[in-house]
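Quantities reported herein were computed from a predicted structural model and do not represent experimental measurements.
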Amino acid sequence: MSKYLLDKFLYTIDRDPELVERYRTNPVATVTWWEDEYARKLLNCHGGEATTWLSFEAAERQALVNQDYAALFELGAHPFLTLTLFIALFERNYDEPLGFQLAYANTLQGWLGRPYPDFSTP
């Protein structure tokens with residue numbers, strides 16, 4: 001499992017409004033494209049620098065494709081990164097202020113009293 005790669009996906013998608021919309025409307029194609037074309041790029045580095053070994057595991061890919069922030073949380077994706085991206089994806093679906101944030105909190109309520117997943121990236 002690569003918490004780093006999950007966090008990198010969440011971070012890079014959230015920083016580009018066009019990618020947010022692309023991910024919102026077609027998560028399967030966006031996750032596939034991002035993993036094939038972007039996952040191995042080194043951030044803040046000149047072009048041509050890339051790694052060869054990074055890829056999502058099946059559970060990570062499935063959670064991203066399903067836009068399942070609870071599964072991402074359980075896999076160890078950073079909660080701030082999931083919250084900010086999923087606010088951009090879903091807050092428009094709620095009429096009341098903070099509607100999505102409340103839904104996010106309710107979804108993760110099962111973690112109350114349990115230790116948080118380890119969010120550190122080795």
TODO: State which residue, out of Leu10, Leu19, Thr12, fulfils the side-chain contact (heavy atoms from CB on, under 4.5 Å) condition with Leu85.
DONE: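 Per the side-chain contact (heavy atoms from CB on, under 4.5 Å) rule, the option paired with Leu85 is Leu10, out of Leu10, Leu19, Thr12.
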Short side-chain to backbone donor-acceptor contact, [X] and [Y], under 3.5 Å:
X	Y	result
Glu35	Phe56	yes
Asp68	Ala70	yes
Asp7	His78	yes

For [X] against [Y], the heavy-atom pair lying closest together:
X	Y	result
Glu60	Glu57	OE1-N, 2.7 Å
Leu75	Ala63	CD1-CB, 4.1 Å
Arg22	Trp33	NH2-CG, 3.2 Å
Gln101	Ile87	NE2-CD1, 3.5 Å
Thr25	Pro27	C-CD, 3.7 Å

Are any of the side-chain heavy atoms of [X] and [Y] separated by less than 4.5 Å?
X	Y	answer
Leu5	Trp34	yes
Leu6	Leu64	yes
Gln67	Tyr23	yes

Go through the steps to decide whether Glu21 and Glu18 satisfy the test side-chain contact (heavy atoms from CB on, under 4.5 Å), and finish with yes or no. CA-CA 5 Å; Glu21 285 306 304; Glu18 290 179 16; 6.0 Å; no
Practice prompt. Would you check, one step at a time, whether the test side-chain hydrogen bond (donor to acceptor under 3.5 Å, both in side chains) holds for Tyr69 with Thr107?
Written response: CA-CA 9 Å; Tyr69 52 87; Thr107 299; 3.2 Å; yes
Kindly work out whether a path of hydrophobic side-chain contacts (I/L/V/M/F/W/Y, heavy atoms less than 4.5 Å apart) joins Leu98 to Leu108.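 Different clusters.
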Report task. Kindly work out whether a path of hydrophobic side-chain contacts (I/L/V/M/F/W/Y, heavy atoms less than 4.5 Å apart) joins Tyr4 to Val31. Result ->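 As far as the 4.5 Å side-chain criterion goes, Val31 and Tyr4 are connected within one cluster.
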Would you say Tyr94 has more than 12 foreign heavy atoms packed within less than 6.0 Å of its OH?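 For Tyr94, atom OH is crowded (more than 12 foreign heavy atoms under 6.0 Å).
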Under 6.0 Å between the ring centres of Phe73 and Phe86?
->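 Here the rings of Phe86 and Phe73 have centres that are no less than 6.0 Å from each other.
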Taking the inter-plane angle between the rings of Phe100 and Tyr104 on a 0 to 90° scale, is it parallel (under 30°), tilted (30 to 60°) or perpendicular (over 60°)?
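Aromatic pair Phe100/Tyr104 classed tilted.
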Ion pair present between Lys3 and Glu74, side-chain N to carboxylate O less than 4.0 angstrom?
->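 No, this pair does not count.
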